[in-house]
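Some notes on the structure that comes next.
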There are 2 protein chains.
Amino acid sequence: MARHSAQIAGAKGRRSAGHVTLADVARLAGVATMSASRALRMPGEVSPELRRRVQRAIEQLGYVRNRVAGGLAGAANDMVGVIVPSMHNAFFSATLEALARELESRGVGLLVANSGYDARKESDLAYALLSWRPRALVLTGVDHSAKVLHLMRGVSTPLIEMWDLSPRPATLNIGFSHREVGKAVARHFASAGYRKLAFAGANMQLDRRARQRCAGFVAEALRLGLQRPRVVEIEQRAEVGRGREAAAELLRGTPAVQAAAFSNDVLALGALFECQARGIAVPGRLALAGFGDLDVVAQTVPSITSVAPPSAEIGRLVGQAVFDKQLRDRRAIDLGFHLIARASSAPRR
Amino acid sequence: MARHSAQIAGAKGRRSAGHVTLADVARLAGVATMSASRALRMPGEVSPELRRRVQRAIEQLGYVRNRVAGGLAGAANDMVGVIVPSMHNAFFSATLEALARELESRGVGLLVANSGYDARKESDLAYALLSWRPRALVLTGVDHSAKVLHLMRGVSTPLIEMWDLSPRPATLNIGFSHREVGKAVARHFASAGYRKLAFAGANMQLDRRARQRCAGFVAEALRLGLQRPRVVEIEQRAEVGRGREAAAELLRGTPAVQAAAFSNDVLALGALFECQARGIAVPGRLALAGFGDLDVVAQTVPSITSVAPPSAEIGRLVGQAVFDKQLRDRRAIDLGFHLIARASSAPRR
DNA sequence: CTGAAAGCGCTAACAA
DNA sequence: TTGTTAGCGCTTTCAG
């Protein structure tokens, strides 16, 4: 008996530890559940009276909307999944922040995951994110494992690729050409009078974009009639300490390198510090250029030449593409980049 | 007629643009939906035969699990919501990355949002995140608007606060004492022989933690019998350029400051560069210390003294707390910090 | 070990 | 403008 009545009492608040439902709100407001739903989602299309009553009930009950149920019921699932190779990286952070801002303004959540530049992990994460039925899946780069592409074939979720451009995009690409970045830096060095060039890149086996910047740099140097740039590969992720080491390595070789490009500002910073520590003049003895245009490289002494990628713009545009089918139907959007010449690569006298 | 048959044909693949359902899988495998569900979630508890058939059907159909439906049906909603003040910040990025890693290993997704240090935005975001019925809500800091706290009262979602410790925590706090950080830096300067101290902090009106570091620094200096440190407030977010300006400001005043602490390594970096640009000896003329222990401050010339917060550990522990009720029932977990003395604050001769 | 029935909380579609 | 009905795709009972 006691048990029975407990069950009955429970029928209403069964999930006593759970959340208040919209039906509870409607009951308290004395209206149909559907009316409460409408009052919430399209307040303009219900009577002020209804709106008020529902509003009051919501406040009284501390109701929090349940988008999980809403998503199932057919409303668009207001979530976007994004995979970045690393969150601990100013480039992608800026993109994520801009993307989040863009989405938040439309009430859409950001489900993030980081692959750590691991293709296998990326495909696992893509599956996990898709299982939330996001409005769109955003991946970094354009080279994904066959598994990911196969996965996408089974679902209707739009795929957006960012931070790179594919030669023949199968879906929307929002980014810029890393190869062109490399070429631009080589041209910059050449026009400033440097003839013995080098490129130091971190994590190039896994990071296609860094590899492309390197390839563009080398190709352009050759095209300009310079000798083949020396390439130093750092088999780890970019860190300032690795940049110092790379600089030490470059300084060791002969013939002497006059200008070095780095796959990442973090490395370029390290190179500058190594030069400072050894009393090597920058750019007098060694000119430097990075990539990323981190806040800090504009302030060092001397300031460091860098390439500014459109990090935030990428995030913003990806966010817009989520809602704009027309935009999504474009194959590729090249946002370009800016080479910012600074003291570290001032023209040779 | 044509229309009618189209509807019938559509009955099966109604959402032709949609996803394959578990029922489709079960049908193809010739088993009940429930069996397919079990084969997926508890492969160990079904016959190998069933497992195989379901597996085959899944592959054939390209089925992707739908956690939205699963969540609604009662399975725990495998998602965690987290709000950070900024994603474009190495501290929080490291925490997010560690948290994501911890959650991913258990198949739980990370829904992130950034408040931009805006309390009003934080409460809006908290609502938005709660509407996904996450397993837990993670907020940065311990000072939230009344609205947020009121919101939490209405739901059963556990709240975890990170990166700070409240004097009397109402929920699990995982972090460290920023006041103690400030005190430690002041003591460090004092014991290295510096007597005229200063503190420069960015965004201190909005960032309680920076404010606490400042307060601890000042209080400890006074306790040690030093004169009241000069405090420079930067009414913007920390940027290297702001650090240069702050250093310029400090260098201007009299009596001359001997050692300056900064609320953030980014500012300390700027200060170092300003000194380099002006030919001011560090630490000879001005000693420096930052906060955050960014990769870069260990490599500058001279290297910069800093305080290493347990960024990644916070993320890891928060991740564990999500799954560990016992852990969650603890009120506060103080992870401490490390002061790393470097050349920029070497003892005065 | 497997299956059938009954919802989870919400919203689209239709009716009043 | 508001209400009623019928699910969304899955999982939790509870039976076989």
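Fair warning: this is a prediction, and the values are worked out from it, not measured in the lab. Chain A is the first sequence line, chain B the second, and so forth, proteins listed ahead of strands; every chain is numbered from 1.
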Exercise. Is it true that E313(A) and R316(A) make a salt bridge, defined as a side-chain N closer than 4.0 Å to a carboxylate O?
Worked result: no

Exercise. So, are K325(A) and D329(A) salt-bridged, with charged N and O less than 4.0 Å apart?
Worked result: yes

For this session: Tell me, please, which residues at least two apart from R65(B) pass salt bridge (Lys or Arg N to Asp or Glu O under 4.0 Å).
Result: none

Exercise. Looking at S37(A), does any N or O in its side chain come under 4.0 Å of the phosphate oxygens OP1/OP2 on dT11(C)?
Worked result: yes

Seminar exercise, completed: Per the under-4.0 Å heavy-atom filter, residues of residues 44-70 of chain A near DNA chain C come out as Y63(A), N66(A), A69(A), G70(A)

Exercise. Considering only dC8(D), dG3(D), dC10(C), which nucleotide approaches the side chain of L72(A) most closely?
Worked result: dC8(D)

Exercise. If you check the M34(A) side chain, which of dA13(C), dC8(D), dT11(D) turns out closest?
Worked result: dA13(C)

Exercise. Is a side-chain donor-acceptor pair under 3.5 Å present for R41(A) with S37(A)?
Worked result: yes

Problem set entry | d(CH2, W132(A); P, dG9(D)) in whole Å | 16 Å

Exercise. Starting at CG of L22(A) and ending at P of dA12(C), how long is that distance when rounded to a whole Å?
Worked result: 12 Å

Exercise. Would you say R56(B) has more than 12 foreign heavy atoms packed within less than 6.0 Å of its CZ?
Worked result: no

Exercise. How sharply is the helix from dC1(C)-dG16(D) to dA16(C)-dT1(D) bent, taking the axes over five pairs at either end and rounding to 10 degrees?
Worked result: 30°

Quick test: give all pairs of protein nitrogen or oxygen and nucleotides 14-16 of chain C nitrogen or oxygen below 3.5 Å, distance rounded to 0.1 Å.
none

Exercise. Got L40(A) and I58(A) here, is their nearest side-chain heavy-atom distance under 4.5 Å?
Worked result: yes

Exercise. Which residues pass the side chain to side chain contact (heavy atoms under 4.5 Å, CB included) test with D124(A), sequence neighbours left out?
Worked result: R120(A), K147(A)

Exercise. How are the rings of F92(A) and W163(A) set relative to one another: parallel (under 30°), tilted (30 to 60°) or perpendicular (over 60°)?
Worked result: perpendicular

Exercise. T157(A) side chain to L130(A) main-chain N or O, any donor-acceptor pair under 3.5 Å?
Worked result: no

Exercise. Can you name the residues that form a side chain to side chain donor-acceptor pair (under 3.5 Å) with D78(A), not counting sequence neighbours?
Worked result: R67(A), R135(A)

